[in-house]
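A short write-up of the structure that comes next.
Protein chains get the first letters and strands the later ones, always in sequence-line order, with residue 1 at the start of each.
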Number of protein chains: 2
Amino acid sequence: MTYDDFMDQPKRRDKAATRAKLLDAARLRFARHGFDGTGVRDIAADVGVDPALVFRYFGSKEQLHEEALRVEIPTGLTDDPARPLTHITDTLLHDVVFADWEQFAGEHPLLVMLRSAGRPTIRDQMRQQLCEGYLPDFAERLGGDNPALRAELVGALLIGMGVMRTILNTPALHNASYEETRTLVTRLITALSD
Amino acid sequence: MTYDDFMDQPKRRDKAATRAKLLDAARLRFARHGFDGTGVRDIAADVGVDPALVFRYFGSKEQLHEEALRVEIPTGLTDDPARPLTHITDTLLHDVVFADWEQFAGEHPLLVMLRSAGRPTIRDQMRQQLCEGYLPDFAERLGGDNPALRAELVGALLIGMGVMRTILNTPALHNASYEETRTLVTRLITALSD
DNA sequence: CATTCTTGTCATCGGTCGATGACTTAGGGG
DNA sequence: CCCCTAAGTCATCGACCGATGACAAGAATG
């Protein structure tokens, strides 16, 4: 037992800290088992605290879920209008499909939400993040007729890859390196942006 | 009230018929609200029958779900080895993404399963149908190095389009015609199969 | 009409769920 | 040292869940 563990032993009371711990535990549980598969008692038990605190701090299980899965749209990705689309999709491929989001059990928050897509509120939240956060930047750089549709195809490819790699665990995508996948995806994107 | 309705009135007892009705109702409920969001009481109420019959006929809610969402892999799609991949993806684009599966609330069974992807058994069932039913035929026709990975990219595109169109309801894919989507998808597939 | 098998119903069990409100205890300021 | 506020606990509620087994009623058979 380390010194810090020993200092934590006498259960210091700290609202902000326990709130944060609850959020962390909720992220993991929701990510692994979805909304319906997770109980407030489970989350509270992970933190070692009474389930009633969940409702005191977050109001309801739904609000806890919303706050736990809220994710800031990464800025700085698209602020340079001259940055080519393939660079952006490279980054997204890395962050959405290949990155290890340890706070979300290894998956990107968007994919985590998909696991709870039975709830209409979660579906709406997810569509909003997609349509307002990512797709406009795709469309802006794609050109051609119906750039919105082409942008959604790009989004569909990334979402689908994420689903297959981290939810369904299909073998090829699971074993493929980021590099060899990137070259194929780049080829697809350029084919879409004539 | 028609003559047939009148004949149905005295609740004729017919095991096969009520079993089938339960399966239909289960399909709709599971498709709309997912596994956890559906109760056996709901399904039985749709049919106008006692919930206990679900367990008598199917054993458990899980087995009912499995049987309700079981879907035969369409044969005749890939039995001609000379049939080009783009023809196959055209068909799949039509059947998986654009077709209206009225028995499944308008969605393809694979997408319906995704809504209940919190359950490990359902995930496994879905991966198996994908990896054994569709992807090998893709890989066989794609060529290049790592055809399995390319095949999974094709699958990812279709799955992602289905998710965005019928689960998230993104506007462009929802409003796009099958034809204009098909030309874009064809371009993507050919770019992948050099 | 009586018997018998099948189809459907009823009551209920044990458990889990989200949520509430009253209670206890820790800890810092007077 | 006491006291008051805030952090955490406890008991419990009402609803719903999947599942079981005993029972009633319809249909087939003689």
- Message: Between the base of C/dG18 and the side chain of A/R41, is there a donor and acceptor pair under 3.5 angstrom?
- Response: yes

- Message: Side chain of A/K15, heavy atoms from C-beta onward: which of D/dA7, D/dA19, C/dG18 has the nearest atom to it?
- Response: D/dA7

- Indicate yes or no: does B/E67 engage B/R70 in a salt bridge with an N to O separation below 4.0 Å. no

- Query: Between atom CZ in A/F35 and atom C1' in C/dC17, what is the gap in whole Å?
  - Reply: 11 Å

- Could you check whether B/F58 gets within reach of a base, just the sugar-phosphate, or nothing at all, counting any heavy atom under 4.0 Å? nothing

- Give the rounded distance in Å between these two atoms: CZ of B/R29 and P of D/dG18. 12 Å

- Can you check the B/R12 CZ to D/dA28 C1' distance for me, whole Å? 11 Å

- Query: Counting only heavy atoms not in A/H94, do more than 12 sit closer than 6.0 Å to its NE2 atom?
  - Reply: yes

- Message: B/T121 vs B/E66, test: side-chain contact (heavy atoms from CB on, under 4.5 Å). Steps then yes/no.
- Response: CA-CA 9 Å; B/T121 66; B/E66 189 188 327; over 6 Å; no

- Please determine if a side-chain N or O atom of A/Y57 lies less than 4.0 Å away from the OP1 or OP2 oxygen of D/dG8. yes

- Query: Is NZ or CZ of A/R150 both nearer than 6.0 Å to the six-membered ring centre of A/F138 and within 45° of the ring axis?
  - Reply: no

- Message: Nearest heavy atom decides the nucleotide; on that basis, is A/D36 or B/A52 closer to the 5' end of DNA chain C?
- Response: B/A52

- Message: Please compare A/D50 and B/P51 by the position of their nearest nucleotide in DNA chain D and report the one closer to 5'.
- Response: A/D50

- Calculate the interatomic distance between A/I43 atom CD1 and C/dT16 atom C1'; express it in whole Å. 15 Å

- Atom-to-atom span, CG of A/L53 to P of D/dC10 - whole angstrom: 11 Å

- Message: Just by distance, no angles: are the side chains of B/T91 and B/R83 close enough, under 3.5 Å, to form a donor-acceptor pair?
- Response: yes

- Query: Quick one: B/E62 CD to D/dC17 P, roughly how many Å, whole number?
  - Reply: 16 Å

- Message: Can you tell me if A/T18 touches the phosphate of D/dA7, counting only side-chain N or O atoms and a distance under 4.0 Å to OP1 or OP2?
- Response: no

- Quick one: which of C/dG18, D/dG18, C/dT9 gets closest to the side chain of A/V40? C/dG18

- Message: What is the distance, to the nearest angstrom, from the CZ atom on B/F55 to the P atom on C/dC10?
- Response: 16 Å

- If you check every side-chain atom of B/D42, which of D/dC17, C/dG18, D/dA7 has the closest atom? D/dC17

- Integer-rounded Å distance: C/dT7 C1' and B/L22 CG: 12 Å

- With a 3.5 Å cut-off and just heavy-atom distances, do the side chain of B/R13 and the base of D/dA25 make a donor-acceptor pair? yes

- Message: Determine whether a donor-acceptor pair (one donor, one acceptor, N or O, separation below 3.5 Å) exists between the side chain of B/R56 and the base of C/dT7.
- Response: no

